Amino acid sequence: MNKTLFFIFYWIFISSHLLLARPLSFNMLWDFNFYKEPGLSLSYPIKRGLSLDASYHTSRFGAGARNGLNIDHFLLGVNWAVLKKKNASLFTRLEIGRSKYELEALSAFQFLETQSSILALGVGISYRFSRLPLRLETTGLYHLIQSSTTKPLGFRLGMEIPFL
Amino acid sequence: MNQQRLIMIASILMLLFMGCTRNSPTDIQPSWLDSSDYLAPSLSDPNYLVSSRFESPSDLILNTPVIIAVHGFTASTFEWQEFKTYAEANANVLVSLVLLGAHGRSYDSFKQASWQDWAAPIMEEYNRLVELGYTQIGLAGASTGGTLIANAIETTLWQQAPRAVFFVDTLVVPKDKMLYLVPYAHYFLSDQKSKSINDADRAYWYTYRPVEALKQLESVAETLRSQLEWGITLPAGTSGFIFQSQRDPTVDPISAYLLYKGLRDSHGNRLSVSTYDSDLHVLTRLDNRDLVTDKDRQNQRDIYTQIISAMTP
């Protein structure tokens, strides 16, 4: 868990530096992967239509808190808006990262993997409200590299609140 | 522009047409379980089920532990035959071989059935045994058989609780993750022809896995995943055992961990888990298998011993 916190603060730190140059936005995400995994991300626009983000998703507040797996996903993503029309846009996404699983220490399960890589391609649509500091997005993701628990097709809902 | 639109509409219609006109396979042989000419012997032989094996069971028989053994997806009672032969020869137990609904009949009946249809014979046999007066009944499930038993535990109001439940390589998470896509893409998929079974096995396993059945398989696994997430408690007096092959080619071994996390006995205790250094799926059945090691035989005997010990005083 300490490593998890380290990663989150590391990303916030890096993003804060980027923040000096560009406006940063804060996203709340809902990932429909193996479980429904809530997450947070910080995104940073590079230039028109292109943005970078770093995010953390976890099952700890849902399935993991009950009887499911404690899964943590650490992701870095690139979004590229390929089509824009008024407030809506169609974008493609590439994300890489790692999944970590917290398994109970039982000798019978020592053979199970506790982490794996992630590589996914996605397509999504987003809508930015004119009068509200809010953007909604939905993304479909296809996992090119998947862990033992990851579904090949994922689905994500996101809400972005620009805070600067 | 109009031409592009026309091509797009034509393509969509063609895909829909391809999906709707999926035909039954034409190469099904009369000796295959998929054929309507050949029925699994357990459908006509009363000796497979303990409830029909003894016309008027004595008190001695009624107090003998009975293990209802449930096979997996596309399989038949053959999957537990080896265990039955061993257990009844070496211990004072009876093994009731249940044939799942829509299994052992024909491709068409399998294609039309739901997973609830598959599960129905399990509780039918259980309830018949209870009505007849059998006092010690256990349930053992291999692969999807275990999935159906776990679901029955969650959804049944037990008049008489099982003595023990055994989960062998139970399907919670499939190894082939493409199964997750079947509910979304089934219109465009064709039936799967099993390549892993040899000709001799075609009388015991369905060769074809209809897309509709795969959809049902994903549905029952999804149902169990959700039930495990919220927690399943065994009835009072029932003990539970989980067995899992470490390199199972069919069921993701993480399934055993999810069962371990989601299942508790009535005192809130976790179930016993044993994992095995093996490449086989359902290593309780070694008959007719090509690559069987001494270790597999040792593991099989260990599982048999654990099941029998849990059922006998």
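Below, chains carry the letters A, B, ... as their sequence lines are ordered, and counting in each starts from 1. What you see is a predicted model, and the numbers here were worked out from it, not measured in a lab. Basis for what follows: all heavy atoms, side chains included, without hydrogens, waters or symmetry-related copies.
- The main-chain N or O of B/Glu229 is found under 3.5 Å from a side-chain atom of A/Asn67 such that the two form a donor-acceptor pair.
- We find the CD1-CZ distance between B/Ile254 and A/Phe34 to be 8.0 Å, quoted to the nearest 0.5 Å.
- With a 4.5 angstrom heavy-atom cutoff, A/Leu106 touches chain B only via side-chain atoms.
- Residue A/Tyr101 does not touch chain B at all, counting heavy-atom pairs closer than 4.5 Å.
- Annotation: residues 166-179 of chain B contacts chain A through B/Val173, B/Lys177, B/Met178 [non-hydrogen atoms, separation under 4.5 Å].
- Within 6.0 Å of atom OH in A/Tyr127, more than 12 heavy atoms from other residues, nucleotides or ligands are found, so the atom counts as buried in its surroundings.
- Neither the backbone nor the side chain of B/Gln227 has a heavy atom closer than 4.5 Å to any heavy atom of chain A.
- Within the 4.5 Å cutoff, the side chain of A/Glu104 has heavy atoms near those of the B/Lys261 side chain.
- Within a 6.0 Å sphere centred on CD1 of A/Ile125, other residues, nucleotides and ligands contribute 12 heavy atoms or fewer.
- Remark: A/Leu132 CG is packed, more than 12 non-hydrogen atoms of other residues, nucleotides or ligands lying under 6.0 Å away.
- The environment of B/Lys295 atom NZ is sparse: at most 12 non-hydrogen atoms of other residues, nucleotides or ligands sit within 6.0 angstrom.
- Expressed to the nearest 0.5 Å, how far OG1 of B/Thr275 lies from CG of A/Leu112 amounts to 8.0 Å.
- A 4.5 Å side-chain heavy-atom check between A/Phe109 and B/Val273 finds at least one atom pair inside the cut-off.
- Heavy atoms of A/Leu69 lying under 4.5 Å from chain B belong to its backbone as well as its side chain.
- Residue B/Arg247 does not touch chain A at all, counting heavy-atom pairs closer than 4.5 Å.
- A/Thr150 touches chain B through its backbone: at least one of N, CA, C or O sits under 4.5 Å from a heavy atom, while the side chain does not.
- Only the side chain of B/Tyr260 comes within less than 4.5 Å of a heavy atom of chain A; its backbone N, CA, C and O stay farther away.
- Nearest heavy atom pair, residue B/Tyr257 against residue A/Glu102, reads OH-O, 3.8 Å.
- The nearest pair of heavy atoms linking A/Phe111 to B/Gln246 is CE1-O, 3.5 Å.
- Residue B/Leu181 touches chain A through its side chain alone, counting heavy-atom pairs closer than 4.5 Å.
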